[in-house]
Amino acid sequence: FERPALTRLNLPPALHAALIAHAVASPTVEVCGLLGGRGETASSLYPLANVAEVPATTFFIDPRAQIGALQMMRARDEDLLGIFHSHPASPAQPSPRDLELAAYPGVAYLIVSLAGPEAPVVGGFVFDGIGFAPLPLVVG
């Protein structure tokens, strides 16, 4: 899997809202999934099952579901642009486990934090093969 690293991720407002709604609908567990699109613009949200042993504090995407989503992206002529998950009780920052499991350099890693009393916060990061760097999210 090789692609030029994203320098930003464009999220249409409806996709941004759907991402937050998905996290809010399951506030006690980490939700997860993939984002498909072209260039630097996401166009599809693929919510997938979290099969982690402790889904309240970690996520692990069901491998079969992930393959199915990647096949659907291919059929739609989309690229894998991002991987998302939620943090029910922690900030929109990658955890040590998020870093340990990161495997797709160049794609967006989005984290929806439900920790604050205000509206959910979506953080964007890009994995370079070693660590995460902030990734600008452009909603619009």
Side-chain angles (χ1 to χ4, degrees):
F1 177 83
E2 283 298 320
R3 61 160 289 136
L6 289 172
T7 58
R8 69 181 194 172
L9 182 66
N10 302 312
L11 283 172
L15 198 64
H16 183 256
L19 180 66
I20 290 171
H22 183 53
V24 169
S26 299
T28 60
V29 298
E30 293 194 9
V31 299
C32 55
L34 305 178
L35 291 165
R38 302 188 75 181
E40 293 190 323
T41 301
S43 55
S44 300
L45 184 71
Y46 297 87
L48 300 172
N50 179 356
V51 295
E53 288 184 26
V54 186
T57 57
T58 190
F59 83 102
F60 190 80
I61 294 175
D62 178 335
R64 280 200 180 121
Q66 182 173 341
I67 290 168
L70 292 169
Q71 288 172 333
M72 189 171 292
M73 282 180 210
R74 195 172 307 121
R76 293 177 170 174
D77 198 28
E78 294 176 333
D79 296 317
L80 172 64
L81 292 191
I83 299 165
F84 71 85
H85 72 283
S86 62
H87 282 177
S90 59
Q93 295 287 328
S95 69
R97 179 152 172 90
D98 293 339
L99 180 58
E100 178 186 320
L101 295 178
Y104 292 89
V107 305
Y109 280 76
L110 303 186
I111 300 171
V112 182
S113 172
L114 304 177
E118 68 289 340
V121 175
V122 181
F125 305 88
V126 64
F127 178 60
D128 65 6
I130 298 168
F132 287 106
L135 180 71
L137 300 178
V138 181
V139 179

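We use all heavy atoms of the structure for the numbers below, so side chains are in, but hydrogens, waters and symmetry mates are not. Just so it is clear, the model here is predicted, and its values are computed rather than measured.
- To the nearest 0.5 Å, atom CG of residue L15 and atom CG of residue N10 are 11.0 Å apart.
- H85 NE2 to L101 CG: the interatomic distance, rounded to the nearest 0.5 Å, is 9.5 Å.
- Considering CD of E40 and CG of D79, their distance stands at 11.5 Å, rounded to 0.5 Å.
- The minimum heavy-atom distance between A115 and P91, with the atom names listed, is CB-N, 4.4 Å.
- Tested against I83, the residues I61, L35, D98, L48 include a single side chain to side chain contact (heavy atoms under 4.5 Å, CB included) partner, I61.
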For residues 125-140, dump all side-chain donor-acceptor pairs below 3.5 Å to protein atoms at least two apart in sequence or in another chain.
residue, atom, partner, partner atom, Å
D128, OD1, I130, N, 2.7
D128, OD1, G131, N, 2.7

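- Hydrophobic clustering (side-chain heavy atoms under 4.5 Å, transitive across Ile, Leu, Val, Met, Phe, Trp, Tyr) keeps Y109 apart from F60.
- In this structure the side chain of L99 never reaches within 4.5 angstrom of the side chain of P94, judged on heavy atoms.
- Put simply, the side chain of H22 does not reach to within 4.5 Å of the side chain of L19, judged on heavy atoms.
- Scanning all heavy atoms of the two residues, the minimum distance from Y46 to M72 falls at CE2-SD, 3.7 Å.
- With a 6.0 Å radius and a threshold of 12 heavy atoms from other residues, nucleotides or ligands, R64 has its CZ atom at or below the threshold.
- Rounding to the nearest 0.5 angstrom, the gap separating the CG atom in L110 from the OG atom in S86 is 12.0 Å.
- F84 places a side-chain heavy atom less than 4.5 Å from the side chain of L45.
- With sequence neighbours excluded, the residues forming a side chain to side chain contact (heavy atoms under 4.5 Å, CB included) with Q71 are I67, R74, listed by chain and number.
- In plain terms, the two heavy atoms of P88 and T28 that are nearest each other are CG-C, 4.0 Å.
- Using a distance-only test at 3.5 Å, with no hydrogens or angles considered, no donor-acceptor pair links the side chain of N50 to the main chain of G33.
- Residues meeting the salt bridge (charged side-chain N to carboxylate O under 4.0 Å, His left out) test with E100, sequence neighbours left out: R97.
- Counting only heavy atoms from C-beta outward, the side chains of L34 and Q66 approach each other to under 4.5 Å.
- Taking hydrophobic clusters as Ile, Leu, Val, Met, Phe, Trp and Tyr residues chained together by side-chain heavy-atom distances below 4.5 Å, V29 does not share a cluster with V51.
- Residues G37 and S43 approach most closely at CA-OG, 3.5 Å, considering heavy atoms.
- When all heavy atoms are compared, the tightest approach of V121 to A92 is O-CB, 3.8 Å.
- Residues V31 and A23 come closest through the heavy atom pair CG2-CA, 3.7 Å.
- Going from atom CZ of R38 over to atom CD of E78 covers 9.0 Å, rounded to the nearest 0.5 Å.
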